[in-house]
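FYI, side chains are in, hydrogens and waters are out, and symmetry mates aren't considered; it's all heavy atoms of this structure. In this chain, residues are counted from 1 in sequence order.
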Amino acid sequence: MASSGSPSSPTAEGKLDVEFTVPAQVEVAGHLMAEFAQRHCSAGRRVVLVTSGGTKVPLESRTVRFLDNFSSGRRGSSSAEYFLDSGYAVIFLHRHRSQYPYSRCYAGVNLLDALLLQGGEGGSGQVVADTGALPDIAAVLRRYQAVKDAELLLPVEFNTLSEYLHLLKAAAQALNPIGSKAMFYLAAAVSDFYIPASEMPEHKIQSSNGPLQISMKMVPKMLSPLVKDWAPRAFVISFKLETNPSILLERARRALDTYRHQAVVANVLDTRRGFVVVVTPHTQVELALSEDEARQEVEIEEKIVANLTAAHTAFIED
C-alpha cells in the first residue's frame with residue numbers, strides 16, 4: 001500500500017516517533033469515520049468500532065516475507081453482525097481479505113461452484129445462486145442489503161501492523177466527540193513484535209546467507225493512550241487469548257489494572273468458540289454454549305455482544 005508523510009510510530013504514550021510510515025489513507029479514513037460517527041450519533045444510535053483479523057509484520061522493506069498469525073477475522077465479523085442487530089452503527093476495521101460480515105457465512109465456498117448459468121449462449125443467460133452451495137443466501141442477502149441501504153456499516157481496511165496502528169488512532173479520535181456512546185471492541189489479533197524500518201533489509205532475505213536470525217522489538221501498547229487520551233469517555237473492550245488456562249484470568253485482571261478500561265473478553269485457544277469469560281473491574285461472567293446451542297449453530301459472539309451491549313447501557317447511564 002502506498003505511503004506518504006514522514007516515518008512515524010505510535011509510542012506507549014500515543015506520541016509519534018520514527019518507526020512506522022503513516023499510510024496515505026489514514027487522513028481520508030479519519031474524515032469518513034468522524035462523519036459516520038457524528039451522523040449516527042445525531043440519529044440516536046451508538047457507534048462501535050470493531051477491529052478484526054490479524055496484522056502482517058514485514059521482514060523486508062520490499063516485502064516478500066512477513067510474520068502473520070492464525071486469525072481469520074471470524075470473531076470480529078460475526079460480532080459486527082450482532083452489533084448491527086442490536087441497533088449499533090459499526091465501523092469495521094478489518095484485515096484485507098479476512099472474513100467480512102454476512103459474506104463470512106460462505107467463507108471457503110468456491111464462488112463459481114455456487115453460481116449457475118441458465119439459458120443463453122456465450123456471455124448471455126441468467127446467473128442464479130445454487131442454494132445448496134449457499135444455504136440461506138436469500139435471508140443473508142436481505143439482511144446485508146438492509147444494513148447497506150441504511151449505511152450502518154463502514155468498512156475500513158488495513159493490511160500491515162503500521163496501517164492498523166495509525167488507523168486505530170484515527171478511529172479513536174473520530175469517535176471521541178460522541179463520548180460514552182462510542183464503544184471499542186478490539187478483537188483484532190495484533191502482533192506483539194515488529195522489526196523497525198531502520199533495521200529492516202531493503203531487499204529479499206537470501207537463503208544462501210544461512211540460517212535466519214531475527215531480532216524484534218515490542219509493539220507499542222495502544223490501549224493506554226486510547227483510554228487516557230484519544231477517547232477517554234468511550235466504553236472499551238479488549239481481548240485476551242491464552243493457550244494456558246491457568247494464567248488467563250490473572251492476565252485479564254492485570255490488563256484491567258494496567259489500562260483502566262471497562263472489560264476484557266478472556267478466552268483459551270482450544271475452547272474459544274464455545275466458552276469465554278467477560279471480566280470487568282468488579283465482575284466476572286462466564287459465557288458458554290450448551291450442547292443444544294452448539295447443535296443449533298448458535299455462536300458465542302451472540303452472547304458476548306448481548307452481555308457487552310447491556311454493560312454499555314449501564315455505562316452510559318452511569
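A donor-acceptor pair is defined here as one N or O able to donate and one able to accept, closer than 3.5 Å; such a pair exists between the side chain of Glu293 and the backbone of Ser290. Listed for the Glu163 side chain is a donor-acceptor partner under 3.5 Å among the backbone atoms of Asn159. Looking at Thr271, its side chain never comes within 3.5 Å of a backbone N or O of Gly274 through a donor-acceptor pair. With hydrogens and angles disregarded, a donor-acceptor distance shorter than 3.5 Å links the side chain of Asn69 to the backbone of Ala189. Looking only at distances, a side-chain donor or acceptor of His312 sits under 3.5 Å from a matching main-chain atom of Ser180. Side-chain N or O atoms of Asn267 include one that pairs as donor or acceptor with a backbone N or O of Lys240 at under 3.5 Å. For the pair Arg272 (side chain) and Ala266 (backbone), a donor-acceptor distance under 3.5 Å is absent.
Within a 6.0 Å sphere centred on CD of Glu291, other residues, nucleotides and ligands contribute 12 heavy atoms or fewer. In this structure, Glu35 places its CD atom where more than 12 heavy-atom neighbours from other residues, nucleotides or ligands lie under 6.0 Å away. Within 6.0 Å of CZ on Arg97 lie no more than 12 heavy atoms contributed by other residues, nucleotides or ligands.
Atoms NE2 and OG1, on His96 and Thr160 in that order, are 12.0 Å from each other to the nearest 0.5 Å. The line from OG1 of Thr309 to CG of Asp85 is 11.0 Å long, rounded to the nearest 0.5 Å. How far OG of Ser71 is from CG of Leu241: 9.5 Å, rounded to the nearest 0.5 Å. One finds the CZ atom of Phe235 at 6.0 Å from the CG atom of Leu308 (value rounded to the nearest 0.5 Å). The line from CD1 of Ile205 to OG of Ser208 is 11.5 Å long, rounded to the nearest 0.5 Å. Between Tyr144 atom OH and Asp149 atom CG the span is 9.5 Å, to the nearest 0.5 Å.
Under the ring pair (Phe, Tyr, Trp, His ring centres under 6.0 Å) criterion, Tyr106 pairs with no residue, sequence neighbours left out. Not counting sequence neighbours, the partners of His40 by the ring pair (Phe, Tyr, Trp, His ring centres under 6.0 Å) test are Phe36. Here Asp292 pairs with Arg295 under the salt bridge (charged side-chain N to carboxylate O under 4.0 Å, His left out) rule; sequence neighbours left out.
Put simply, Tyr100 and Leu49 are part of two different groups of oily side chains (I, L, V, M, F, W, Y) that touch within less than 4.5 Å, one to the next. No continuous path of ILVMFWY side-chain contacts below 4.5 Å connects Val28 to Phe92, so the two sit in separate hydrophobic clusters. Cluster annotation: Ile214 is connected to Phe193 through the hydrophobic network of ILVMFWY side chains, with a link wherever side-chain heavy atoms come within less than 4.5 Å. Under a hydrophobic-cluster definition in which Ile, Leu, Val, Met, Phe, Trp and Tyr are linked whenever side-chain heavy atoms come within less than 4.5 Å, directly or via other members, Leu59 and Tyr164 are assigned to the same cluster. Hydrophobic cluster membership differs between Ile247 and Leu249, with clusters built from Ile, Leu, Val, Met, Phe, Trp and Tyr side chains linked at under 4.5 angstrom.
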Practice task
Verify side-chain contact (heavy atoms from CB on, under 4.5 Å) between Leu226 and Tyr259, making sure each step is shown before the conclusion.
Solution key: CA-CA 9 Å; Leu226 190 156; Tyr259 301 112; over 6 Å; no
Practice task
Output, in order, the C-alpha distance, side-chain angles, deciding distance and verdict of side chain to side chain donor-acceptor pair (under 3.5 Å) for Thr313 and Arg46.
Solution key: CA-CA 10 Å; Thr313 297; Arg46 304 174 193 174; 2.8 Å; yes
Handout entry: CA sep, side-chain torsions, deciding dist, call: Phe184, Leu175, side-chain contact (heavy atoms from CB on, under 4.5 Å)
Key = CA-CA 9 Å; Phe184 290 81; Leu175 268 64; 4.0 Å; yes
Practice task
Would you please test Val278 and Leu287 for side-chain contact (heavy atoms from CB on, under 4.5 Å) and show each step?
Solution key: CA-CA 8 Å; Val278 179; Leu287 304 177; 3.7 Å; yes
Practice task
Go through the steps for Leu32 and Ile91 under the test side-chain contact (heavy atoms from CB on, under 4.5 Å), then give the verdict.
Solution key: CA-CA 10 Å; Leu32 289 173; Ile91 299 174; over 6 Å; no
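Taking each heavy atom of Ala188 and Ser52 in turn, the nearest pair found is CB-N, 3.7 Å. Here the closest non-hydrogen pair linking Ala129 and Ile137 is CB-CG2, 4.5 Å. Taking both residues in full, the closest heavy atoms of Pro177 and Gln38 are given as CB-OE1, 4.4 Å, listed atom of the first, atom of the second, then distance. Between Thr51 and Ala187, the closest heavy-atom pair is OG1-N, 3.0 Å.
Val264 has its side chain out of reach of Arg251: every pair of non-hydrogen atoms, C-beta onward, lies at least 4.5 Å apart. Side-chain contact check for Leu186 versus Leu223: some heavy-atom pair is nearer than 4.5 Å. When side chains are defined from C-beta on, Leu152 counts as touching Arg45, because their heavy atoms get closer than 4.5 Å. Residues Tyr88 and Val47 form no side-chain contact, since every pair of their non-hydrogen atoms from C-beta on lies 4.5 Å or further apart. Leu93 places a side-chain heavy atom less than 4.5 Å from the side chain of Phe158. Contact of the Ile304 side chain with the Ile237 side chain is not registered, since no non-hydrogen atoms from C-beta on lie closer than 4.5 Å. The shortest distance between side-chain heavy atoms of Ile300 and Phe275 does not fall below 4.5 Å. At least one side-chain heavy atom of Val156 sits less than 4.5 Å from a side-chain heavy atom of Met33.
Counted by atom type alone, Ser79 and Tyr185 present one or more donor-acceptor pairs between their side chains at under 3.5 Å. Remark: the His94 side chain and the Ser77 side chain contain no N/O donor-acceptor pair separated by less than 3.5 Å.
Within the structure, every pair that satisfies the side chain to side chain donor-acceptor pair (under 3.5 Å) test and touches residues 57-67, not counting sequence neighbours, is listed here: Glu60-Arg65, Arg62-Glu202. Among pairs with a residue in residues 173-186, none fulfils salt bridge (Lys or Arg N to Asp or Glu O under 4.0 Å), at least two apart in sequence or across chains. Within the structure, salt bridge (Lys or Arg N to Asp or Glu O under 4.0 Å) contacts touching residues 66-76 (residues at least two apart or in different chains) are Asp68-Arg95, Arg74-Glu299, Arg74-Glu301, Arg75-Glu301.
A salt bridge between Asp192 and Lys221 is present, with a side-chain N of the basic residue lying under 4.0 Å from a carboxylate O of the acidic one.
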